[in-house]
Chemist: 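The structure follows.
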Amino acid sequence: MKIAVCINHVPDTETKIKVAPDNISIDRTGVNYMLSPYDEFALEEALRLRERFKGEVTAVSLGGDPHRDTLRKALAMGVDRALLLKEDGERDSFGVASGLAEELKTMSPDIVLFGKQSIDYDNAQVGTLVAALLGIPSVSVVVRMEVRDDGTVSCDREIEGGHETVQTKLPAVFTAQKGLNEPRYPSLKGIMAAKNKPIEAKPAAAVPARVVTVLMRRPPAKTPGRVVGTDKSAVPELIRLLHEEAKVI
Amino acid sequence: MPKFQGVDYFRMDGLLSGEEIMVRDTVREFVDDRIIPVIERHNRAGTFPMELIPTMAQLGLLGATLPPEYGCAGMNNVAYGLVMQELERGDSGIRSFASVQSALVMYPIFSFGSESQKRAWLPLLASGEKIGCFGLTEPDFGSNPGGMLTRARETVDGYLLNGAKMWITNGTIADVAVIWAKLEGVIRGFLVERGTPGFTAPEMKGKHSLRASVTSELILQDVHVPKENILPGGDGLRLPLSCLSQARYGIAWGANGAAMACYDAALQYAKTRIQFGKPIAAFQLTQEKLVFMVSEITKGQLLCLQLGRMKDAGTVRFAQISLAKRNNVQQALEIARLARTILGANGILDEYPVMRHAANLESVLTYEGTHEMHTLIVGEDLTGLPAFV
């Protein structure tokens, strides 16, 4: 079985984001990067599928040289190949999806896995766009997947207020939600082995931008709370504020 | 409390390789996810978190520097040190478990064991299926292990061991003990398996320190072990002392990890605790304490890193390891105590990690060579004049 996992390199969840002076990008100084958390579920699922069906797992990332760190982590977790599609600039979701799809066409994997979204721009588009560009089915926000020997796949996906079970046929794209599995830690042995595995790199296919960022801003600062009273005489005013200002009741 | 981000005031990460950083970050995540959420419960109950062993083994934390042919990761000593640093940021008891298994059980079997002993034990110890302990210290022989009373006598088909060991980490949970005993007056190492008639390992209770670690006595009454259980690769006090050098190396890193946990807790607390209308971090006396902590942690980090590089190059001397263990544990204890003063009364609660680290470090100060013995080891190294024999 040929499995591709598309992974992204994103600012650490603990980062305090600052907007850069150009007002359309973030200030990258002192920012630590990590493998996007939902992509970890995708990677883990890929490794489990390989353990069951044999075959090869390729991790693909589109971006600049720093993405090598995240590909290195994927190698340490146990993927067979790592491929960097080089792009030093920014791309919109369609641009990323097109670059990935171009490569996946030649790779023709049976299964393509993504995290349900990258936790930096939160567009949650790339996996689905890749499926469309490849002309294959996509199942998103997957919390359980069962691949059968006949190439059919049964998935549980999260929907508002519950789960739905869907079925599709390979090849297909799946985007992983938290709960799909418990990702493994890269082992020290895996880290050592990854040191000697190459990261292949080639330029990502060029695609003109369709969506451009024109402004990035931080949310307005929170206003301090206020005390409307200290005994039961404050209750009517509190109710009025919750109803009219906070609009929560 | 916000996630621990590491203490790296002097950009030491720039001196580490990509693999070393990945090892450190992986263990850091494991400690945050698995150790910190359960450690206070185990510390209160006085139990070792056995449930962590399979994941620690799967990560490759046991015997991490030994070669892959025995099921180990073949890491360098700097990566191993970073593992110890992160584990002890969780708890000294957890680091002690890994230290003993790696440096005091797997290392002597690897260094002094026969090929069949290595093949039999190392993969099982690396996978955590078997636990080991190290029996050197005796009730009356701590700093002076050469005076040990435990004896081995050769029999027709093996050896008969008699004696008692004390303060043995992992003793009660161990499947195999590396026992040091005198055979015709010469110290030799023996592998004694759990369940061997005459061998018992009762747990020592009532500790105020290292509560999440098992500490035991080992009692050997006419314990017969087969011939193939002697470690054939050498004799004399030099052997157990070389194991202790391995362990002390890990402690030098580990103590700095405990110090980082205390500093981090103190810094977070000082920034949010308001007195006289401002965070206590804004007071000069608090800042002085925080600056002291970061200064000592930074010095300790650089000391460990160079120690590790020398160990990897094969040029390290045991007195240098003594200096690092002595310095880093003393400073970590001082940092833990200072952190406690920043947290005030909150510092004594197990809602915060500080008092647990402080209590643990009291043991670390005197185990694996007391602070005083390390002083005398370095003193002798400097002057050429031994002060303790």
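Lettering follows sequence order; numbering is per chain, from 1. Please read these numbers as outputs of a predicted model, since none were measured by experiment.
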Chemist: With a sphere of 6.0 Å drawn around CZ of Phe10(B), does it hold more than 12 non-hydrogen atoms of other residues, nucleotides or ligands?
Modeler: no
Chemist: For Lys197(A), does the NZ atom sit with more than 12 other heavy atoms under 6.0 Å from it, leaving out its own atoms?
Modeler: yes
Chemist: Look at Leu61(B), Thr26(B), Val27(B), Val83(B) and state which one has the largest set of heavy-atom pairs under 4.5 Å with chain A.
Modeler: Thr26(B)
Chemist: Nearest 0.5 Å please: distance from the CD atom of Gln5(B) over to the OG1 atom of Thr15(A).
Modeler: 7.5 Å
Chemist: Considering only heavy atoms, which portion of Thr55(B) lies under 4.5 Å from any heavy atom of chain A: side chain, backbone, both, or neither?
Modeler: side chain
Chemist: For the CD1 atom of Ile21(B) and the CD1 atom of Ile191(A), what is their distance to the nearest 0.5 Å?
Modeler: 11.5 Å
Chemist: What distance do Met22(B) atom CE and Leu188(A) atom CG have between them, rounded to the nearest 0.5 Å?
Modeler: 11.0 Å
Chemist: At what distance, to the nearest 0.5 angstrom, does CG of Asp33(B) lie from CD of Glu182(A)?
Modeler: 8.0 Å
Chemist: Please find the pair of heavy atoms, one from Phe30(B) and one from Tyr185(A), that lie closest to each other, and give the distance.
Modeler: CA-OH, 3.5 Å
Chemist: Using a 4.5 Å cut-off on heavy atoms from C-beta on, say whether the side chain of Asp25(B) contacts that of Lys73(A).
Modeler: no
Chemist: Could you pull out the closest heavy-atom pair between Asp12(A) and Lys3(B), with the gap in Å?
Modeler: OD1-NZ, 3.8 Å
